[in-house]
Structures are given as structure tokens and as C-alpha cells.
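Predicted, not measured: the structure shown is a model, and the values here were computed from it. Residue numbers start from 1 in every chain, and the chains themselves are labelled A, B, ... in the order their sequence lines are given, proteins ahead of strands.
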Amino acid sequence: MNNKKYKFLEKSLAELTENNIISEEQFAKAKTYFKHDTKEGKSMITIFTSIGIFLVALSIITLFAVNWDNIGKSIKVMLAFVPLLITAIMMFFYMKNGNEKLKLYTSIFAPISILATNSLVGQIFHIQMETYELFYISLLSYMPIAFTLKNYLSLIVYCIGTITYVLNVPHYYFETFANAFAIALPIIIYYYINYRKEPHSKKNILMWVTNIIVATMMLFEIELIRAESIFIYGYLVYLVTKMLFGSKNILSKFLKLVFVVCMFVFCFEDVAIQYEFGWDTVLITALIIVCMCIGKIYKETKEWFLVAFIVLIQYCNIPDEILYILINILVLALGIYKIVSGSKNAIYKETKQGVATVVLLIMFRFMSSDLSFTEKSVVFLISGIAFIIGANILKKRIGGKNDE
Amino acid sequence: MMNKIETKKLLLYIFIVAVLFLLPICTIIVNTDTLEGGNEFLFKVEAFDPYDMFRGNYLDIDFLEDSVNNDETYDMNYGERCYATIKIREDGFAYFDKLTQERPRDTSDYYETTARYGGMINTPTRYYMNENKSLDAEKVYEENLDNTYVKVRVKNGKMVIAGVFVDGVLIDTIEPQENKH
């Protein structure tokens, strides 16, 4: 129960007590029974701690990067394997004790450590590997961990990695698209077996996975047809799905996530590319407007951020260097809107999404800045410690509320 | 029963760790073996300095001789695996002699790659450097257009970059003339 609902309940119970419908004792018991749910507060603590740990880890990595030239090759190789060793230790303790928090931290740390080790080894030995190939081999290494952890976060990370791989592949290498499905197929089979055990479970991971694969396939196929219209076609499909099946449908949710991820990707300077305007885009735009009217989706403020993104990419004849700045501003505005809207309506989930959006944007901007590794490392460390301290403060505040 | 579960868990853990470490270790073994045991060749290159999001700045090197000059060039499809035999000219620099679909048996000096169009092949393109030096390296190349080359080691079709050089000196260690003035 969130804060808003609890306050409404408290007010209602007080009214019933005043009118002698329930006694004072019953009022107190009911209040205790429906006590303020601190679940959302606790999840904020987890998020803050996770971000803090991530930033501290990033800081350590960049500190080594600063002194990289002065280190001998064999020591470089040993250091390159440290992240994997930490992951192996975390997996050992998780498999031994089954601790849920460790499961969460491993979900976050494992993909970063795999990517870090593969990147470092590639750098030390001048391995000829494009970014999408790096993603591919990292995903292969992460697959058994994703299966073992079996939580939403590892699945989402795995699927986002797969999509990033697909979207980075040069479109004429069709065989690599088949590779993406080869990675995804074991997950579908594995989670299908779990789905058969609990077909009515709310956590229908098979639905997630199937929809993610379908969405990826759809986006990739669209790219093969008309690379310029990938977003506008994809957005139309998203709107139609939302109209027909509602916003809570897994496919709608996931397609939206894909667009949000694309928005983040376009925040990088060397990615923002102007697509060519074509008459089919006019037709599709008209269809989008029709869908928004029929489905009354125009009332949802959040949707307009996506529309603005698509308009910027498709229609505005803006120089690339300005385009990417505008996209960054758009993503920042989206994050701030979610924080404000979530806080106002006491919808913590939205506030969390807003915080995550702003934090990710700051990190991406920072990582692609001209600051040296040393400066980046120091900022990561200070930010990471600040998040961990923030988490502890939040924990004490929630603990204090519970004591009341 | 509990022992069976524990054994399964242990086997699963061993499998996870094996997969985690297997890919990077195999990469290192193959590369080290090639660097230490492979034959050395020098290829003339041109170079510029782009950026990789995960691996930092690097020198993008473009082999000047990345096409096959021989008339016996096999008609390859784009992306098809092929083998390019390597020979050395009188000036000491190497070139790709001919392309075949089968692994050559009469020589160990060949490079396993994929074909592009018109007899051209894909060659190694990345040389990772300190981020502060990569831009200087590009400037050094621009000041020494004819004297920049890459030293590679080749063994069993694998080609590993040993270094990018200008007049025998590693490019990482040279300061551009522009910076000296």
C-alpha cells in the first residue's frame, strides 16, 4: 500500500471512529494492520546502494586505467581477470546461501565485470573485435549466470544486451542476426519449462522473453526494409499494441523500453544521425496521430516525450551536433518529469524511473566527456559514496518511521 | 538426496566459472602463441584516431595493401571466409599474394580472413593506445606518411599486431613535431 492510499485509509477510519461506527481500539488495530508500507522506501534504498556500488566499482576500474601504461603486461592480464574473480566469488556465495540481496547485486555486477574483462583483454592484446562482437561474446558468458539467477533484472540485462548487439550489427551481416536468436533460444526453452510448471503465475517470464524477441525481430526487419523509418514504424506498432492490449501488456511495456533505450543511445554524440524524410513517414505519422486519438493516448504526457524524440529524429533538419544536444535535453526533461510526477502522486515506481533516467544520462554524458580518466575516477568515487550514504540515511529514516 | 542437490549445484557452479573464464583465456592463449611463435611481417598502413565506448581511444589502421594483386584471385562473395597468402617484397614490406577458399598447404604464411569486394579482404584495424597518446599518434602518422607500418605476427592463419612503427620506432613513444614547436 503506498503513502497516498494509506493516508486515505487513515482519514476514512478516523471518520468512522468519529461517527461511532468503529471503536478507538478497532481504529488503532486497523491502522497497525494497514501500516504504512515501507516496501517502496526499501526498494529506493536498494537502488541507491546498487548505484553507489556500481559507481565505486567504476571508479576503481578507471583508477587502474589511469596507470595502465606503467603496469607490466602480465600484471595487466591478472588485473583484467579481477572483475571475473569477484563475480565468481559472488556466485559462489549466492549458490551456497541463496541470499536475495546478493542475487540482486550479482545481477548488476556480473554483466559489467564480463564486459570489463573482455574489453581489457581485447585492449591488451589488440584483439580485432567490433563493439557488437564484444557484446556477443559477453552475452555468451553471461548466459549461464542469467539462467542461474532467474530474476527479472538478469533477464532484462540479458535481453537489453541482445538488443544492443542486434542494433549495432551492420545491417548487411544478416548471419549475426541469426546468432542473436541462437543466444536467445536457450532462454526461451528454459523459461518455457518454468512457465509450464506455473502457467498462471504473474511473473510470466516466457511472455517477457517471447515479446522481447518478437520486438527485436520486428525492429530489425523494419531496418532491413527502410532504415530511415525504423523508429516511426516501431512507434506505430507500439501504439497499436497499447491500443489493443492496454499499457500493462508486456509487449507494449517492452517496446516502450526499447524506445527509451534508443533515446539513451542517441544521447551519444557520434550516434545521432539524421534520417532521411520520405513520403511513407508522412503516412505513418498520420496513422500515429489517428492511433493516439482513438486510443486517447494523447492525454498521456509521457507519450509526448517519445513523440518528440521521433519528430527530432525524423523531421527536423537540424545539424547532428545540435540534434544530439536536443535529445539529451529531452531525456533529462523526461527524467525530471517522472521524478516530479511520481513524487506528487506518491507513485514511487515512477520516481525511481525518473531518478534512474537522470542518473544514467549524467553517467553517459560524463563517460563521453573530455575529462581524463583520473578526474572521471574521482567523480565516480565521490558519487558512489554519496549514493551509499544517501541509502543509509534513507534506511535510518524508514527505520525511524517503522518505530513510530 | 541432499548430496545429489549439492553435487548438481557444484557442477553448475563449475560450468558457470568455466564459461566465464574460458573465452578470455582462449583468446589470450591463441594471441600469445601467435605473438611468440608466429612469423613476422611488416605492412605499410595509414592511421587515424577514433574512439571505442568500451575500450577507449585506439588507432584505426588501414593496410595500404589490403587487396590481392594476383590474377588467380578466387571470385569470392562478400563476407565469405578466405585465406590470403603473404609474401615479402624486395623493400622488406609484405603484401597479400593470392586468395583461396581452402587453407593453403604449401605455406604457413597465410592469413585467415573474410572477403570484401573486388579482391579486397578484411585486415586488422585496431591498435589500442593510451588515450592521451592516440591523437599524437595520428599526428605522427600525418608527419610520416610513407614510413608508418605495422609489425604483425602470423601463425596458423591468425594475425596479431605486435606494434605500429615509424622508422623502426614504436609510435606510442614518438612525440609529434607539431607539439615540439
A/L85 versus chain B, the contacting section by heavy-atom distance below 4.5 Å
both

Please classify the contact between A/I114 and chain B as side chain, backbone, both or neither, with a heavy-atom cut-off of under 4.5 Å.
side chain

Would you compute the distance between atom [atom1] of [X] and atom [atom2] of [Y] and round it to the nearest 0.5 angstrom?
X	Y	atom1	atom2	value
A/T87	B/F21	OG1	CZ	8.0 Å
B/N31	A/I124	CG	CD1	11.0 Å
B/I28	A/F125	CD1	CZ	4.5 Å

Between chain B and each of A/H126, A/M95, A/K96, count heavy-atom pairs under 4.5 Å; write down the option with the most.
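Maximum pair count with chain B is reached by A/H126.
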
With a cut-off of 6.0 Å (strictly less than), are more than 12 heavy atoms of other residues, nucleotides or ligands near CZ of B/F15?
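12 or below, so no.
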
Residues, nucleotides or ligands: over 12 heavy atoms within 6.0 Å of A/K73 NZ
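Counting other residues, nucleotides and ligands, NZ of A/K73 exceeds 12 neighbours.
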
Got a donor-acceptor contact below 3.5 angstrom from the A/Q128 side chain to the B/T123 backbone?
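Checked: no pair found.
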
Any donor-acceptor pair under 3.5 Å linking the side chain of B/Y13 with the backbone of A/A88?
yes

Counting only heavy atoms closer than 4.5 Å, note whether B/L20 contacts chain A via side chain, backbone, both or neither.
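For B/L20, the contact with chain A is made by backbone and side chain together.
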
What part of B/I25 lies closer than 4.5 angstrom to a heavy atom of chain A: side chain, backbone, both or neither?
both

Shortest non-hydrogen contact from A/S141 to B/L23?
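Reported closest heavy-atom pair: OG-CD1, 3.4 Å.
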
When A/M91 is tested against each of B/V17, B/L12, B/I16 for side chain to side chain contact (heavy atoms under 4.5 Å, CB included), which residue passes?
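Only one of B/V17, B/L12, B/I16 forms a side chain to side chain contact (heavy atoms under 4.5 Å, CB included) with A/M91, namely B/I16.
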
